[in-house]
Amino acid sequence: MVLEATLICIDNSEWMRNGDYAPSRFQAQTEAANLICGAKTQLNPENTVGVMTMAGKGVRVLVTPTSDLGKILACMHGLEIGGELNLAAGIQVAQLALKHRQNKKQQQRIIVFVGSPIKHEKKVLEMIGRKLKKNSVALDIVNFGEDDEGNTEKLEALLAAVNNNDSSHLVHVPPGPNALSDVLLSTPIFTGDGEGGSGFAAAAAAAAASGASGYEFGVDPNLDPELALALRVSMEEERARQEAAAKRAAEEAAKKEKQGEQQSSSQDVTMTDQDSVPASEADDKKKTTKHDEGLLQEAIAMSSTPSYPSGRDTNMSEVAEDDPELALALQLSMQDGTKDAPSHSDMSQLLADQAFVSSILASLPGVDPEDPSVKDVLTSMQNQSEPQEKKDEDKASKEEEEK
Amino acid sequence: MSAESTTAINRSIVDLLDFIDWSGVECLNHNTAHSLPNAIKQGYREDEGLYLESDADEQLLIYLPFTQVVKLHSIVVKGPEEEGCLIGPKTVKLFSNREHMGFSNVNDFPPSDTAVLTPDNLKGKPVVLKFVKFQNVRSLTIFIEDNQSGSEVTKVDKIALFGTTVETTDMKGLKKIEDNH
């Protein structure tokens, strides 16, 4: 938890209008800067962050180092693009601003975004770098924009002059589909010098990638051990339940397939068996698709009735009842265990998508995702997507055979 | 001459090492492998292999706060044995009671005293300071401006401060005394 005062230098030169980083270089930069501010303040509440621009009408400090995130975010609005980057003056002004920080115990750090050609000579930059090192100021450089050879060389010389014991870093971000902020998340700029920032980085990466960031169930066991444990236990229970349900389904499958009619019971509905897959089930596939929709409608209809008995089959559900987020997490965990290859029909995929369905159900008033009937519907649909995919594969192979 | 009179009044001139407040000690432009404790701490500073070395250029800025008010009498700055006359410090400026100085403002106000070190000094001969200027020292900033030969790097083997303490209450030492005198 290093106590640090950081100054972020933004490149708002004309080159930032370029759209090679979506949506535009300037916006990608602002996002990255915002992310950095959040990360630094989270690392240590006494950390301060300031912002300044290096191009435009001239080098200008927008916010002096402060721990107030709102002020920092607000000043990012209404920034104008124009002019040319003045790196030397920018870094020197940043150094001055840090020198006059309120808490002298903070370590000094400057984070510079460079996305346009540097007009200074390498020697000038080296001298500045040495001065920074002498005053024990660390420097992080984010080099984006064109792959300009001259720039890279100058920045590497600058880094070599400043770097003291690996406290300064240089990051190259080539233009591409990944957002600037996402690429930066994995760099030492965010992860501090190994320790500290990894918690924030992991959480942000999870949000960005919209999925588990390498942790099971998408929850860091360090951050929330009880939740992680709860998810694991519920997952195991669900697996056991699904196996029992699958067995039941296998028995009823043959019967129901022949009937092929809609059912509105709270039992596992239309459990198409994995094994018996005749070619004529092309129609059945459509029916089951509609079936899913019908099931959903029925589930919704059922759930909108009042005096809803709440399921108490597991201890988990009791806990989950109080906590809708936990319920959602449970659904997610179930889905994690059974996620498969992409299927044909988008609709069936959507409906098979536990998270999507449960989120719909959760948003409906009066629906309790913990109700066993609702749960059964969900598991049936989800089990259906599996056999459906197998069915499709078999169907395809059968068609080839027939040819 | 003044040196003789001060030695006559030699009462309790001690090594002020014990009164340095280590939590606030700072050193700018030092090489991280060769840092300040090497030059000041007991045991370290006697060791020839351990020295303080400058990094980006030959200047060094050392800030030493004290746990209580002291009067500074003299200072010993030792350079490394072999090359001592070359890369040991030459001009040393001392500032008393100035906090958080940087290289940019060392020239903004006059030092409390300046010492130009001779090779003798670098062997261990103490430099006597203007005692009157250091009567009420809470913190000392040592600015090593250049070295003997003008080389890129300055090495310091040992820094020792000598003086007396002023009767200041050390708050940590305050203990409840039994009422039996």
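This one's a predicted model, so the numbers in the text were calculated from it and none came from an experiment. Quick note on labels: first sequence line is chain A, next is B, and so on, each numbered from 1.
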A:Leu184 and A:Leu35, any side-chain heavy atoms less than 4.5 Å apart: no
Only residue of A:Ile8, A:Leu69, A:Ile111 satisfying side chain to side chain contact (heavy atoms under 4.5 Å, CB included) with A:Val49 is A:Ile8
Is the gap between the ring centers of A:Tyr21 and A:Phe144 under 6.0 Å? yes
Short of 3.5 Å, which donor-acceptor contacts do chain A and chain B share? List atoms and distances.
{"unit_1": "A:Lys99", "atom_1": "NZ", "unit_2": "B:Ser104", "atom_2": "OG", "d": "2.6"}
{"unit_1": "A:Lys134", "atom_1": "O", "unit_2": "B:Asn29", "atom_2": "N", "d": "3.4"}
{"unit_1": "A:Lys134", "atom_1": "NZ", "unit_2": "B:Asp57", "atom_2": "OD2", "d": "2.8"}
{"unit_1": "A:Lys134", "atom_1": "NZ", "unit_2": "B:Gln59", "atom_2": "OE1", "d": "2.8"}

In the structure I gave you, are the side-chain heavy atoms of B:Phe95 and B:Leu140 within less than 4.5 Å of one another anywhere? no
So which heavy atom on A:Phe113 is nearest to which on A:Ile36, and how close? CZ-CD1, 3.9 Å
Determine whether a donor-acceptor pair (N or O, by modelled atom type, separation under 3.5 Å) exists between the side chain of A:His120 and the backbone of A:Ala88. yes
